[in-house]
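The structure presented is a predicted model; accordingly, all values stated were derived computationally and were not measured.
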Amino acid sequence: MLKIKLIGDIDIFKPGIQAMKEDLSLRFCDDGIPVTVEKGDKLSVRMSEEEGHIIYGEKVHFFRALSYIEQYGTLCFVEEKSCFKKSGIMFDSSRNAVIKPETLKFMFRKMALMGLNMGMMYTEDTYEVENYPYFGYLRGAYSKAEIKDLDDYADMLGIELVPCIQTLAHLECVLRWEAMAPIRDTARVMEIDNEETYKFIAQIIKDASEPYRTKRIHIGMDEAELLGLGKYLKDNGYVPAHDLMLKHLSRVNEIVKAQGLEPMIWSDMFFSSCSPDDNYYDLVAPIPEHVIESVPDNVTLVYWHYGTVDEETDDIMLKRHKLFKAKTTFAGGLSTWSGMTPGYGSAIYSAKLALRQCFKHGIDEAIATAWGDNGQECNLITALYGFQVWAEMGYHEGIFHEEYTKNRFKACVGVSADAFLDISRLDEVDGVVPPPNFYVADPTKYMLFEDPLFETMGDDSQHFKLSPYYKKMTTVMEKHRDENPEFKKMFEFFVRLSAAVEKKCIWHENAAKCVREKDRVTAQMLSELAPEIIAKIQELSLAWEDFWMDTNKPYGFDAIEVRLGGVMARMETAGRHMKDFADGLIDTIPGLDEEKIPYKSYYPVGHLNCYKFWHEVVTNGYAGISETF
């Protein structure tokens with residue numbers, strides 16, 4: 001425990017220092033080593049046993065400097081400058097899990113120690129809006145007081161918090177209500193050229209921005225598939241998507257400017273609408289001059305690419321963005337959207353390629369998105385190591401230094417980076433997923449939810465013994481749980497997840513085979529295994545609930561519980577059928593006796609892939625198509 005005495009004009013840092021007393025082992029007292037603090041144009045830290053010196057360019061640099069002193073003690077000597085003016089994390093609080101304010105504050109403190117100075121609150125309908133009672137109804141929406149408190153807390157640490165909302169699409173949870181029918185074009189897209197729509201948009205922009213001190217607001221508008229092809233088409237006839245997009249942007253931009261705000265917008269619709277196959281990453285399709293000229297120069301275009309395979313794509317796409325007068329910001333991803341685990345291999349690999357191109361092209365803002373697609377099964381706490389990767393690459397010109405980053409994570413978060421990286425290993429099955437699991441294969445998810453009688457993934461998984469792997473990973477997660485008490489609930493969840501999937505895999509490795517081969521002995525074993533699987537899933541459900549409630553508001557866990565309850569109900573049915581087969585009461589079990597074919601035939605045999613949507617995995621029948629639930 002190192003004692004230091006801060007000297008200089010440090011009043012602006014005192015609240016943050018007080019907030020971080022549990023995050024650092026440093027002690028601030030009058031009998032500590034004198035450390036002079038002063039404003040400069042970069043981040044510099046020098047420490048010896050006699051004295052120290054901190055220079056900060058902006059507030060967050062001071063807290064990053066403290067993490068260096070935590071890491072190196074009296075041997076600290078660091079000078080650096082971020083290659084980004086703004087770099088940080090976008091938190092998805094819209095896909096069922098609404099992150100608790102206390103959890104966000106915890107992550108803000110870690111971000112400050114890492115030197116990240118921007119946070120985005122992605123809230124589709126999870127914020128308070130006047131006059132629209134169905135907006136965020138029973139979804140755990142943040143109150144204005146909660147947002148203001150979070151904004152104050154982030155600012156205390158040198159983090160700009162930016163509202164990130166939707167003003168066109170991704171609004172299925174709002175538009176589902178009949179009360180919102182007057183502004184509905186399709187199930188998830190609002191109708192443009194509708195005065196009721198713009199009245200609504202003016203209200204949500206006002207209420208979304210009001211609790212924040214920043215003048216910036218991200219107004220979304222991405223992935224508006226079927227734009228103008230619903231009610232609008234019936235009322236007005238066909239109009240090309242990019243013309244509708246520009247018309248809508250112009251109208252919304254006037255609303256934003258009237259409220260004194262500075263808009264950001266996802267850029268995909270300007271590119272995909274110009275591509276013959278609606279491909280955002282079409283590198284050759286011409287962008288009409290009227291599209292380029294029609295994008296207002298006060299709007300920041302956010303180029304998102306969450307799966308960079310080669311640098312050429314980002315190189316060309318960033319050049320294409322420069323055709324517009326508008327500024328460009330880059331958004332990468334932390335691969336939190338495909339199941340219960342963060343895909344660190346994919347996230348790190350993509351960041352290494354993309355951030356180098358950002359540095360090359362002079363992009364001065366970069367955010368890492370933590371999306372929670374399909375019910376936010378992946379808790380965003382698990383992505384903390386990705387925060388560190390993003391931070392260190394930002395301070396080192398887009399270059400990734402693995403051991404250096406791991407050591408920084410230990411200093412900033414207080415635990416081993418390998419413990420967090422091992423979470424990704426649940427989906428990095430031995431011999432199946434080659435490093436770095438670029439396509440974020442998620443066998444943990446689909447082996448858990450796959451129906452025990454009508455096996456959707458039967459062909460994909462039949463070549464592998466997955467149960468021994470998950471048994472091994474249960475032991476690994478138990479070790480991390482016992483060694484990291486601060487993250488006990490997180491690792492307990494993964495212990496229970498691994499244990500449940502192990503038993504479920506034993507069923508899938510044997511069920512179809514024993515039915516086809518009339519193996520009544522194995523069938524008896526499986527009939528006795530079914531209650532054990534149900535018990536393991538019940539334990540998983542309780543651990544998942546404990547982890548969820550510790551980090552998120554309670555809203556949204558109902559969807560998780562419905563999914564797990566379905567598995568338990570189907571296992572009870574499967575156990576009865578398997579017992580009847582074992583006893584010779586039936587001669588076969590429909591579904592299990594059918595030969596399996598690949599889930600998606602274009603994937604190579606012997607490779608487990610990414611199937612992130614629950615409704616696609618759980619049944620071959622109809623279970624709904626909502627991306628939210």
message: Under the criterion salt bridge (charged side-chain N to carboxylate O under 4.0 Å, His left out), I'd like the reasoning laid out for Asp125 against Arg139: C-alpha separation, chi angles, the key distance, then a yes or no.
response: CA-CA 8 Å; Asp125 66 327; Arg139 292 263 287 143; 2.8 Å; yes
- request: If the plane angle is over 60° it's perpendicular, under 30° parallel, otherwise tilted; pick one for Phe108 and Tyr153.
  value: tilted
- request: Could you tell me whether Glu128 and Lys144 make a salt bridge, using a distance below 4.0 angstrom between a side-chain N and a carboxylate O?
  value: no
- prompt: Within the side chain of His248, is there an N or O that forms a donor-acceptor pair under 3.5 Å with the backbone of Leu244?
  reply: no
query: Roughly how far, to the nearest 0.5 Å, is the CZ atom of Arg496 from the CG atom of Asp546?
result: 11.0 Å
- prompt: Can you find a side-chain donor-acceptor pair between Glu130 and Tyr132 that sits under 3.5 Å?
  reply: no
message: With a 4.5 Å cut-off on side-chain heavy atoms, are Leu380 and Ile99 touching?
response: yes
message: Could you check whether any side-chain N or O of Ser94 sits under 3.5 Å from a backbone N or O of Glu124, counting only pairs where one atom can act as donor and the other as acceptor?
response: yes
message: Taking the basic N atoms (NZ, or NE/NH1/NH2) and the acidic carboxylate oxygens, is any pair closer than 4.0 Å for Lys445 and Glu377?
response: yes
query: Backbone N or O of Asp442 within a donor-acceptor pair of the Ser338 side chain at under 3.5 Å?
result: no
task: Have a look at Phe449 and tell me which of Thr456, Thr619, Val567, Thr444 forms a side chain to side chain contact (heavy atoms under 4.5 Å, CB included) with it.
output: Val567
field: Lys/Arg-Asp/Glu bridge criterion (N-O < 4.0 Å) met for Arg188, Glu172
entry: yes
message: Within the 3.5 Å criterion, strictly below it, is a donor on Glu160 or Tyr212 matched to an acceptor on the partner's side chain?
response: no
message: Quick one: does any side-chain atom of Asn374 pair with a main-chain N or O of Trp614 as donor and acceptor, under 3.5 Å?
response: yes
- request: Verify whether one side chain among Thr313 and His305 offers a donor that lies under 3.5 Å from an acceptor in the other.
  value: no
message: Closer than 4.0 angstrom, basic N to acidic O: yes or no for Lys148 and Asp151?
response: no
- request: Compute both the distance and the angle, then confirm whether Arg320 meets the cation-pi test with Phe271: under 6.0 Å from the six-membered ring centre, within 45 degrees of the axis.
  value: no
query: When you check the side-chain N and O atoms of Ser93 and Tyr142, is any donor under 3.5 Å from an acceptor?
result: yes
message: With a 4.5 Å cut-off on side-chain heavy atoms, are Phe493 and Met340 touching?
response: yes
- prompt: With distance as the sole criterion, is a donor-acceptor pair present between the side chains of Asp314 and Thr308 under 3.5 Å?
  reply: yes
query: Trp544 vs Phe557 aromatic rings, parallel, tilted or perpendicular, using cut-offs 30° and 60°?
result: perpendicular
query: Would you call Arg216 and Glu365 a salt bridge, taking side-chain N to carboxylate O under 4.0 Å as the test?
result: yes
field: SB check Lys206 Glu210 (cutoff 4.0 Å)
entry: yes
